[in-house]
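The structure under discussion appears below in the form of structure tokens.
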Amino acid sequence: MNKDKNFVLQGNVNGAIRSEEELAHIDKETADNAFKHQKKKLDAFLQQRGFAKYKTNSYLRRNRLEVLEYIDLQKEHYGSKTFTVNYALISLYVPHSFFSFDLGGRLGNLICNKDVWWDYSNEHIAEVSFDNIIEALESFLLPWFTEKESIDSIREELIKAQKECENHGGCLSDIQKIWLETIENNSKDERIVLGNIETLKLPKKLTK
């Protein structure tokens, strides 16, 4: 994938967690309201590109391969008023008993090969952060989703993951193994798709 050399990270912080001293200077209600307000821009941006909202801070799009493209905003758990962006591909042809990240990672790693957390401690920095994330999605993640909308590219990604696991003495997850086997054997089953739609409670927009 061609990286956008003109892209500059903005609104990001060093790490996810703030010190107690830093937290003392943040009005938590103001920060939470800023997050909600700025997220509306992201909602509109992704809905225009075919994504449906899924739960509070997540988005899903179903592509022609019956693969879900997933984006999630993950707030720092202990209240530092920072957040990161997760992404994943989830095959509807593989049985799921719960929502899992079958292939994917964090947006920061896709941009610059490191974990990135954005700031929403006040309205101004939240606006900077969300504008930066929208630019990053446009420049990095949406093209990545497009690149992976082929059987060959998914197979390649799974095989790469398999080799990386083996190099570290591990192996693919059960779901990844089934996905690769399904591709290799061309053994797609529409009943599994219907079962996943029910299990994952997909938004009506994605149920066709």
Side-chain angles (χ1 to χ4, degrees), residues 7-20 22-23 26-47 49-62 67-91 96-145 148 157 161 173 175-176 196 199-203 206:
F7 178 83
V8 177
L9 281 169
Q10 298 182 61
N12 60 306
V13 295
N14 293 321
I17 301 175
R18 284 189 161 95
S19 68
E20 291 295 328
E22 290 172 319
L23 284 173
I26 297 174
D27 184 298
K28 295 181 179 180
E29 184 176 356
T30 297
D32 289 338
N33 287 337
F35 182 91
K36 293 175 184 177
H37 177 67
Q38 293 299 324
K39 193 174 80 69
K40 291 178 182 178
K41 290 192 298 187
L42 180 61
D43 292 347
F45 171 81
L46 289 173
Q47 286 169 0
R49 284 151 183 80
F51 286 84
K53 291 182 71 175
Y54 181 72
K55 299 185 179 180
T56 304
N57 293 323
S58 303
Y59 310 86
L60 287 174
R61 186 170 69 179
R62 183 176 176 181
V67 171
L68 295 176
E69 300 168 349
Y70 173 82
I71 299 171
D72 169 72
L73 308 184
Q74 177 188 337
K75 291 183 178 180
E76 192 279 317
H77 184 66
Y78 296 104
S80 286
K81 305 309 174 187
T82 60
F83 70 105
T84 191
V85 181
N86 303 306
Y87 67 94
L89 295 173
I90 301 136
S91 174
H96 286 78
S97 56
F98 56 89
F99 202 87
S100 65
F101 295 176
D102 301 343
L103 283 174
R106 284 186 171 163
L107 182 59
N109 289 324
L110 195 62
I111 296 169
C112 57
N113 296 316
K114 67 178 183 179
D115 199 12
V116 174
W117 291 76
W118 283 268
D119 192 349
Y120 66 97
S121 55
N122 59 56
E123 183 65 39
H124 170 70
I125 197 63
E127 181 176 13
V128 171
S129 294
F130 274 91
D131 287 347
N132 194 237
I133 285 167
I134 288 171
E135 183 183 355
L137 294 177
E138 189 83 86
S139 298
F140 297 91
L141 184 55
L142 296 186
W144 187 84
F145 281 151
K148 298 299 176 278
E157 196 73 16
S173 69
I175 287 175
Q176 289 174 324
N196 283 325
T199 299
L200 301 178
K201 295 181 170 54
L202 296 187
L206 303 178

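Just so you know, these numbers come straight off a predicted model, no measurement behind them.
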Cation-aromatic face contact Lys53/Tyr59, 6.0 Å, 45 degrees: no
Counting only N and O atoms by type, is there a donor-acceptor contact under 3.5 Å from the side chain of [X] to the main-chain atoms of [Y]?
X	Y	result
Glu127	His124	no
Thr82	Glu76	no
Arg62	Leu206	yes
Asn12	Trp117	no
Gln176	Leu103	no

Could you give the distance from [atom1] ([X]) to [atom2] ([Y]), rounded to the nearest 0.5 Å?
X	Y	atom1	atom2	value
Glu20	Ser80	CD	OG	8.5 Å
Lys81	Thr30	NZ	OG1	10.0 Å
Asn196	Leu202	CG	CG	8.0 Å
Ser121	Asp27	OG	CG	10.5 Å
Asp102	Ser91	CG	OG	7.0 Å
Ile71	Leu60	CD1	CG	9.0 Å

Chi angles and distances behind the side-chain contact (heavy atoms from CB on, under 4.5 Å) call for Tyr87, Asp72: CA-CA 6 Å; Tyr87 67 94; Asp72 169 72; over 6 Å; no
Check: [Y] and [X] side chains under 4.5 Å, non-hydrogen atoms:
X	Y	result
Leu107	Asn86	no
Phe7	Phe140	yes
Gln74	Val85	no
Arg106	Val116	no
Val67	Ile90	no
Arg61	Leu46	no
Glu69	Leu89	yes
Glu123	Gln38	yes

Option among Asp119, Asn57, Ile133 that satisfies the side chain to side chain contact (heavy atoms under 4.5 Å, CB included) test with Phe83: Ile133
Ring centres under 6.0 angstrom apart (Tyr120, Phe130): no
Ring centre gap for Tyr70 and Phe99 strictly below 6.0 Å: yes
Under-4.0 Å salt bridge between [X] and [Y]:
X	Y	result
Lys148	Glu157	yes
Lys39	Asp43	yes
Arg49	Glu138	yes

Worked verdict on Asp131 versus Lys41 for salt bridge (Lys or Arg N to Asp or Glu O under 4.0 Å): CA-CA 8 Å; Asp131 287 347; Lys41 290 192 298 187; 2.6 Å; yes
Shortest non-hydrogen contact between Ser129 and Gly11, atoms and distance: OG-O, 3.1 Å
Shortest non-hydrogen contact between Ala136 and Ile111, atoms and distance: CB-CD1, 3.7 Å
Donor-acceptor side-chain pairing of Asn132 and Trp118 below 3.5 angstrom: yes
Derivation and outcome, side-chain contact (heavy atoms from CB on, under 4.5 Å), residues Leu42 and Leu73: CA-CA 11 Å; Leu42 180 61; Leu73 308 184; 3.8 Å; yes
